[in-house]
Amino acid sequence: MKCVIIATPAHCPAAAHSHTATALLAVITRRLLPIVMLLLTVMTSSAQTVKDEETLHVDFDGWFSTLVNNRKLYNRYNDSIFLIHDHDRWVEFFHTRAALNHDIYQSNKLCLDSLRQVITLPQAKNDARLYSDFIKSFFSKYINQNRSDPFLMLELCDLIDTLQTNRPDSLRFTNYLNTWRGSAYYHIWNMTHDDELLQKSYACYQRCVTDDAKRYPAYQSNYLNAMLQLCAYVWAQKKVETVDDLRGRIKLARRYVAKHGDELSRKGYRMTELKRRLNNADESMVRNIFLVDRTTIKKKSIDKLMHTLVVRNLRKPSLDNSSYLRTLIMQMNLKQITAKEALNRYRPRYRASMESLRNRRLDPQEFSLHLMPYYSLFYLNDLADIPYSAKRRNVLRMCRDIEMAFRHRSDRQSVTTFVNNLNVFVTYDRILSYLKPRERLAFLNKLSVSTHVTTYAHSVHVSEIAMVLMESLVDNQPQLLVGYLGCKTEGSVKHHKRRFVEFVREAALYHDLGKNTIIPVVDNDYRPLTDQEFKIVKRHPEMGLKYLALDPRLAKYHDTTLGHHKWYNGKGGYPADFDNTRSPYRIMIDIITLSDCMQAATERVGRNYKDGKTFDAVMGEMRRDAGTRYNPDLVSHIDAHPGLAQKLNHLLDEGWMDIYYNIYSQYFVNQR
């Protein structure tokens, strides 16, 4: 039997940590990723030559290390966008970042393609050594590095299932797979709020706590991890299980930890943290279930529970911020203190919490812990017996502080709670009631820029393209716009030129609002998207509608937001159930669609999966698809007006850098 050793990629070097912009630029300009790509190409071609009768010996360490180190580099570039304040050096940094991110994408694509190819070879299922090597590398080089993302995790779990098909139960990693899948589905639900995914997450965790799970390795550790996840209030809040079931599970988990405490300590579990999480479960139920929906438990029972928790907490020498705030809320509901008194008591802690943000990055857990008290603070502020003007000032200040926290968020991909926080905050009625419509949008935009600047910049760039195109249409072919925006003649169209230009400007700015819901998917361009990610991306036009509701004046952009990915002839694109050909804003949709596609096709900064095309190449494609994908009148208009084509060419070739820097300057330089 012939043995084939498949080459492994060199590890991508993580940039050395540096607090100075100069050192950072020096590190990221080390263009070593092409070497990795070359090695991966060799590896891929080697894999293709493997025959069924050959035994595979693959060093998986290189594959998983490449994915992890590339992710670290990608995170570092994203975290560093707003560290450089000098214009020229910032531009230099952004050019370098774009080139390196493109290399990272290509490196990861080759790595994942090779990994899938080897695992799916016919002889892989029966190769015990291959299975063992994969699992060891997966744990040591990927899972333990905390750089996974939920979508890729689901795909890797499927690969493990493929490998362990013929393994005995004693060697199957079924318990781990259920835990990982449960976590992945939950984090994807955080973005989409698709209850089917929440049900899948719950089912995965449930399988870890059944007697059947004892057949597989690592039963106890996965049992405990699953139990801790199942003790979260979200399952009862979303009616996945009953409140009684949740309370029973919490008691069961406490007994398990008490019984196996010594054994768990020897295995490295931090018992103080375990007990704290379980003790706080009752507080979370009170705050997030009983006080939100008082029909879930009788008032007498909830008052008794709150009284017990308050007495217990007040006896403790110290409480973390969230527990302290929940205690104040319970005291308020028991009429021991007022909402105003609760706010005043928490004020010193709030100031200390904000001071702790200075000159540091928050990892995902720190970020979530920092944001958690805000929900209760907005709740107390809304109920407090203070003037409306004081409540509004409090809300404005807290919104500014939330924006600061988002700017201090360290980029990670293993969790998605940050995007769930974003979605809840910008639609929370106890915030919205004190903000003017424009302030609501400004709040959304600032969180969006803090989270993923390239998505926001794309919309700004599209709006610039759309305005240039609209100005030319009004001046040269106003007949195409007759019947829109209340104008019944060409003269009326020309007279209201500003109205038309302003319409497409705002329509373009808001066309991708739905991507705020799916930022972790959009920000996954360091590697190819999975099929599930593509399905989620296709939902962003519909998801954007809830953000238009932040300002009633944005209702007129419903069709341009919903239809900007529909083909001109209505037969292609998405969403399938929206008929753009019948829309009273049809040409506006066509303008946004063309501008959006033109920007995306020539993008050189935020889309790592491709090299930007030239303006001439894009126009060639649009001529080819005129009448099907694109409005033929718009394509012909650009061809008929060389001055317009020249403006668009410049805007797409060099204009993007000014757009990016202006966004940077507006949202960050003046607030640092």
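When reading the values below, keep in mind they use all heavy atoms of this one structure, side chains included, and skip hydrogens, waters and symmetry mates.
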Listed partners of [X] passing side chain to side chain donor-acceptor pair (under 3.5 Å), at least two apart:
| X | result |
| --- | --- |
| His461 | Gln599 |
| Tyr585 | none |
| Arg498 | none |
| Ser353 | His370 |

Exercise for the section: If a pair satisfies salt bridge (Lys or Arg N to Asp or Glu O under 4.0 Å) and one of its residues is in residues 529-550, list it, with sequence neighbours excluded. Expected result: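 Only Arg527-Glu533 qualify under salt bridge (Lys or Arg N to Asp or Glu O under 4.0 Å).
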
Practice task
Flag yes if more than 12 heavy atoms outside Gln646 fall under 6.0 Å of its CD atom; otherwise flag no.
Solution key: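 Counting neighbours around CD of Gln646, 12 or fewer heavy atoms of other residues, nucleotides or ligands fall under 6.0 Å, so no.
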
Problem - Heavy atoms of other groups near His193 NE2, more than 12 under 6.0 Å - result: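 Count over threshold, so yes.
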
Problem - Ion pair check, Arg438 and Glu506, cut-off under 4.0 Å - result: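 Answer for the salt bridge query: yes.
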
Handout entry: Salt-bridge criterion met for Asp579 and Lys571 (N-O under 4.0 Å)
Key =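 No, this pair does not count.
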
Handout entry: Tyr350 and Asp401: side chain donor to acceptor below 3.5 Å
Key =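 Short answer, yes.
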
Problem - Polar side chain donor-acceptor pair, Asn70 to Ser107, under 3.5 angstrom - result: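 Side-chain D/A pair, Asn70 to Ser107: present.
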
Exercise for the section: Starting from the C-alpha separation in whole Å, work towards a yes-or-no answer on side-chain hydrogen bond (donor to acceptor under 3.5 Å, both in side chains) for Asp149 and Tyr526. Expected result: CA-CA 11 Å; Asp149 65 68; Tyr526 79 108; 2.6 Å; yes

Exercise for the section: Enumerate the residue pairs fulfilling ring pair (Phe, Tyr, Trp, His ring centres under 6.0 Å) with a member in residues 625-652, sequence neighbours excluded, ordered by first and then second residue. Expected result: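 Counting only pairs at least two positions apart or across chains, the ring pair (Phe, Tyr, Trp, His ring centres under 6.0 Å) contacts touching residues 625-652 are His637-His641.
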
Counterpart residues, ring pair (Phe, Tyr, Trp, His ring centres under 6.0 Å), relative to [X] (two or more places apart):
| X | answer |
| --- | --- |
| Tyr547 | none |
| Tyr379 | none |
| Tyr484 | none |
| Phe378 | none |

So which atom in [X] and which in [Y] form the shortest heavy-atom distance, rounded to 0.1 Å?
| X | Y | answer |
| --- | --- | --- |
| Asp559 | Ser583 | OD2-OG, 2.5 Å |
| Val504 | Ala466 | CG2-O, 3.7 Å |
| Pro150 | Ala184 | O-CB, 3.4 Å |
| Ile518 | Ile536 | CG2-CG2, 3.3 Å |
| Leu529 | Val521 | CD2-O, 3.7 Å |
| Asn288 | Gln237 | O-NE2, 2.9 Å |

Exercise for the section: Could you tell me if the ring centre of Tyr74 sits under 6.0 Å from that of Tyr105? Expected result: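 No, too far apart.
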
Within a strict 4.5 Å, meaning less than it, do heavy atoms of the [X] and [Y] side chains meet?
| X | Y | answer |
| --- | --- | --- |
| Pro364 | Thr417 | no |
| Phe418 | Leu371 | no |
| Thr593 | His511 | no |
| Leu481 | Leu473 | yes |
| Arg392 | Tyr388 | yes |

Exercise for the section: Take the angle between the ring planes of Tyr375 and Phe425 and call it parallel below 30°, perpendicular above 60°, tilted in between. Expected result: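 Ring orientation of Tyr375 relative to Phe425: parallel.
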
Practice task
Check the angle between the aromatic planes of Phe367 and Phe406 and answer parallel, tilted or perpendicular using the 30° and 60° thresholds.
Solution key: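 If you compare the ring of Phe367 with that of Phe406, the planes turn out perpendicular.
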
Exercise for the section: List the steps and the verdict of side-chain hydrogen bond (donor to acceptor under 3.5 Å, both in side chains) for Asp382 and Tyr434. Expected result: CA-CA 9 Å; Asp382 192 41; Tyr434 300 99; 2.6 Å; yes

What's the separation between atom [atom1] in [X] and atom [atom2] in [Y], rounded to the nearest 0.5 Å?
| X | Y | atom1 | atom2 | value |
| --- | --- | --- | --- | --- |
| Asp590 | Asp633 | CG | CG | 9.0 Å |
| Leu444 | Asn516 | CG | CG | 4.5 Å |
| Lys391 | Asp385 | NZ | CG | 7.5 Å |

I'd like a table of donor-acceptor pairs (distance under 3.5 Å, sequence neighbours excluded) in which one partner is a side-chain atom from residues 615-624, with atom names and distances.
from: Glu621; atom 1: OE1; to: Lys613; atom 2: NZ; distance (Å): 3.3
from: Glu621; atom 1: OE2; to: Lys613; atom 2: NZ; distance (Å): 2.7
from: Arg623; atom 1: NE; to: Asp639; atom 2: OD1; distance (Å): 3.2
from: Arg623; atom 1: NE; to: Asp639; atom 2: OD2; distance (Å): 2.9
from: Arg623; atom 1: NH2; to: Asp639; atom 2: OD1; distance (Å): 2.9

Exercise for the section: Take His540 and His564 through the ring pair (Phe, Tyr, Trp, His ring centres under 6.0 Å) test and state the conclusion after the steps. Expected result: CA-CA 11 Å; His540 80 267; His564 69 275; 5.2 Å; yes

Exercise for the section: Say whether, by atom type as modelled, one donor and one acceptor occur between the side chain of Ser492 and the main chain of Cys487 under 3.5 angstrom. Expected result: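 Looks like no, no N/O pair under 3.5 Å.
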
Exercise for the section: Answer yes or no: is there a donor N or O on one side and an acceptor on the other, between the side chain of Arg361 and the main chain of Arg407, under 3.5 Å? Expected result: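 Present.
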
Practice task
Using salt bridge (Lys or Arg N to Asp or Glu O under 4.0 Å) as the criterion, list what pairs up with Asp475, not counting sequence neighbours.
Solution key: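 With neighbours one apart ignored, the set is Lys497.
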
